[in-house]
Amino acid sequence: MTDLATLLEVGGPVAALGGGATYARARHPGVYWSTVGLPVSTVRLLSSYSSVMEACGLTVAPSRLRVLAVKATTRREVRPVPPRRGIIRPTATGLRVRLRLAPGQEPADVAASAERLRHAWGVHAVYVTTIKPGVVELRLVGFDVLRRVRMPRKLRPDLLRVPVALREDATPFVRDYRAVPHQLTLGATLSGKSMYLRHLVAGLARQSVALVGIDCKRGVELAPFASRLSALATDPEQAAELLPVLIREMEDRYDLIKTRQGIAPSTPDEEITSDIWGLPEHERPVLVVLFVDEVAELFLVATKKDEERRDEMVTQLIRLAQLGRAAGIYLEVCGQRFGAELGKGATMLRAQLTGRVCHRVNDEASAKMALGDIAPEAVSAACAIAPERPGLAVAGDTSGGWSRIRTPYLSLGYAAETCRESTHLVPDLPALKPFRPDVPVQPPVETPGPAVLPRPVTD
């Protein structure tokens, strides 16, 4: 009877501890990783490193000098040599460890064994990054960071750089307009595309840039941010008037570059290789970011007159995509559907959009249009996005690299209030004043930020 009472006294706290760990793993994976997962995975890695490397085929035969030294000092068996392991660095989401590859190895050998390493060390995923020749970094992620997205707190936006999502390897996905000037973003209804666009607008609203919008859904997506927009077109007719103004603005900037750098005025724009960043800061024109939502609406036509207007607008968009970067004009083209059947110029426009973000789409053709020409293997990943995970997307660029990302929740009210607070940053562009949206004066509303707003959890 005494033994039973003792067992119950000991078993009660143990059961409570186990239940608490199970609850934390399901509802608070970050806490579980910091308290349980991190020490367990570290012990596994340290205790089984050599054997796991050998089982994965990541060892090489020892050098002759090493064999002679081992035989001269000990009688133990001479085993194959694994990559030299560096210091294990714990993070809030996993572990980092650098490996110095043995002679004859390459980073692709380690990357091919990432799935085996994941199972051997009991982590959610393993990613391999090349640091320098002969050195790679293993990033071990302890849990699914895309289930409940928490952006790093130390991350701060810079000019034309906006952190908008989290990658599956727990690193932030930053939309950098200077590195990737133009981008195509696709997503079906309720896929999270609007949330992605909302993050971009809210991030750029705090910067000294001009925001221009073309929203052919009568402005329902971009109208809440009207207080920060320098121009807004809400239908194809207005877009047909706005785009020529942007073309003239781009041409004026090229003339400024020619004058400043002593280039002959008769030199064609296509032959100018410099850009506005070579100008002194006090002479540099204001940067312009053009958001085009529901781009397919610009391609649709009903009459012969509409077809002529469509061809003209598409040509102007292609010109902006080809020449706009050097003039400080950047494009963010969004839509639910994008394919060659939209009409003449669709594939040519896509070819100028370096960045690609594909949320859940309704057909494989749209995923292929977004990612098929840069990373064919990413198409299947985009088609596998479940409706229960809004905001999940596949991001890539024309370099061929791609990764899964997910955008955190940001309320429309908070984004709109951010734009209202940044109204004083709207630059003075006389050419765009006729397109400036009318904004009624409203008292400031205290809206909680994204860090305290709950996101509906459906997974």
Side-chain angles (χ1 to χ4, degrees), residues 21-49 52-53 55-56 58 83 85-99 107-131 135-155 163-174 192 357 375 377-378 380-382 384-386 388-396 401-409 455 457 459:
T22 303
Y23 174 81
R25 185 172 188 176
R27 305 298 298 177
H28 304 283
V31 175
Y32 175 83
W33 168 256
S34 300
T35 56
V36 180
L38 176 60
V40 170
S41 296
T42 302
V43 171
R44 285 179 178 174
L45 193 154
L46 292 174
S47 61
S48 63
Y49 177 75
V52 169
M53 290 289 113
C56 293
L58 298 177
R85 175 179 52 80
I87 299 175
I88 298 177
R89 296 178 175 86
T91 66
T93 57
L95 295 170
R96 289 184 181 182
V97 58
R98 291 190 177 183
L99 306 181
D109 298 333
V110 184
S113 301
E115 190 67 14
R116 296 183 180 183
L117 299 178
R118 178 179 81 87
H119 289 285
W121 294 330
V123 293
H124 177 73
V126 176
Y127 301 94
V128 182
T129 305
T130 302
I131 303 300
V135 178
V136 299
E137 183 179 71
L138 295 184
R139 181 188 293 271
L140 282 66
V141 180
F143 54 94
D144 185 5
V145 296
L146 299 185
R147 183 180 179 184
R148 297 173 181 270
V149 179
R150 297 290 185 271
M151 296 293 288
R153 295 186 178 182
K154 296 182 179 180
L155 195 62
V164 292
L166 191 68
R167 298 180 187 269
E168 59 184 344
D169 63 353
T171 59
F173 175 77
V174 179
V357 173
E377 65 275 8
S380 58
I385 297 176
E388 294 78 16
R389 284 204 167 188
L392 190 64
V394 176
W402 65 277
S403 62
R404 294 180 181 86
I405 64 172
R406 194 178 189 187
T407 310
Y409 178 76
R455 175 173 186 157
V457 179
D459 53 340

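Every value quoted in this text rests on a predicted model; they were computed, and no experiment measured them. Just so it is clear, the values below take in all heavy atoms, side chains as well, and ignore hydrogens, waters and symmetry mates.
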Practice task
Kindly determine whether Val164 and Val174 satisfy side chain to side chain contact (heavy atoms under 4.5 Å, CB included), including the steps that lead there.
Solution key: CA-CA 6 Å; Val164 292; Val174 179; over 6 Å; no
Exercise for the section: Would you please test Arg44 and Val52 for side chain to side chain contact (heavy atoms under 4.5 Å, CB included) and show each step? Expected result: CA-CA 10 Å; Arg44 285 179 178 174; Val52 169; over 6 Å; no
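For the pair Leu95/Val123, no side-chain contact is recorded, criterion being any heavy-atom separation below 4.5 Å from C-beta on. Looking at Tyr49 and Val97, their side chains never come closer than 4.5 Å, going by heavy atoms from C-beta outward. Residues Val149 and Thr407 are not in side-chain contact: their nearest non-hydrogen atoms beyond the backbone lie 4.5 Å or more apart. Within the 4.5 Å cutoff, side-chain heavy atoms of Arg406 are placed close to those of Pro390. Two residues are said to be in side-chain contact when any heavy atoms from C-beta on lie closer than 4.5 Å; Leu58 and Leu99 fail this criterion. Leu166 places none of its side-chain heavy atoms less than 4.5 Å from the side chain of Pro408.
Rounding to the nearest 0.5 angstrom, the gap separating the CG atom in Leu146 from the NE2 atom in His124 is 7.0 Å. We find the CD1-CZ distance between Ile88 and Arg96 to be 14.0 Å, quoted to the nearest 0.5 Å. A distance of 12.5 Å separates CZ of Phe173 from CD of Glu168, quoted to the nearest 0.5 Å. Here the OG1 atom belonging to Thr93 is positioned 10.0 Å from the CG atom belonging to Leu140, to the nearest 0.5 angstrom. A distance of 13.0 Å separates CG of Leu138 from OH of Tyr127, quoted to the nearest 0.5 Å.
The main-chain N or O of Glu377 is found under 3.5 Å from a side-chain atom of Ser380 such that the two form a donor-acceptor pair. No donor-acceptor distance shorter than 3.5 angstrom exists from the side chain of Thr171 to the backbone of Arg167, with no hydrogens or angles considered.
If you run side-chain contact (heavy atoms from CB on, under 4.5 Å) between Val126 and each of Leu117, Asp169, Val141, only Leu117 comes through.
For residues 111-120, the side-chain hydrogen bond (donor to acceptor under 3.5 Å, both in side chains) pairs, not counting sequence neighbours, are Glu115-Arg118, Glu115-His119.
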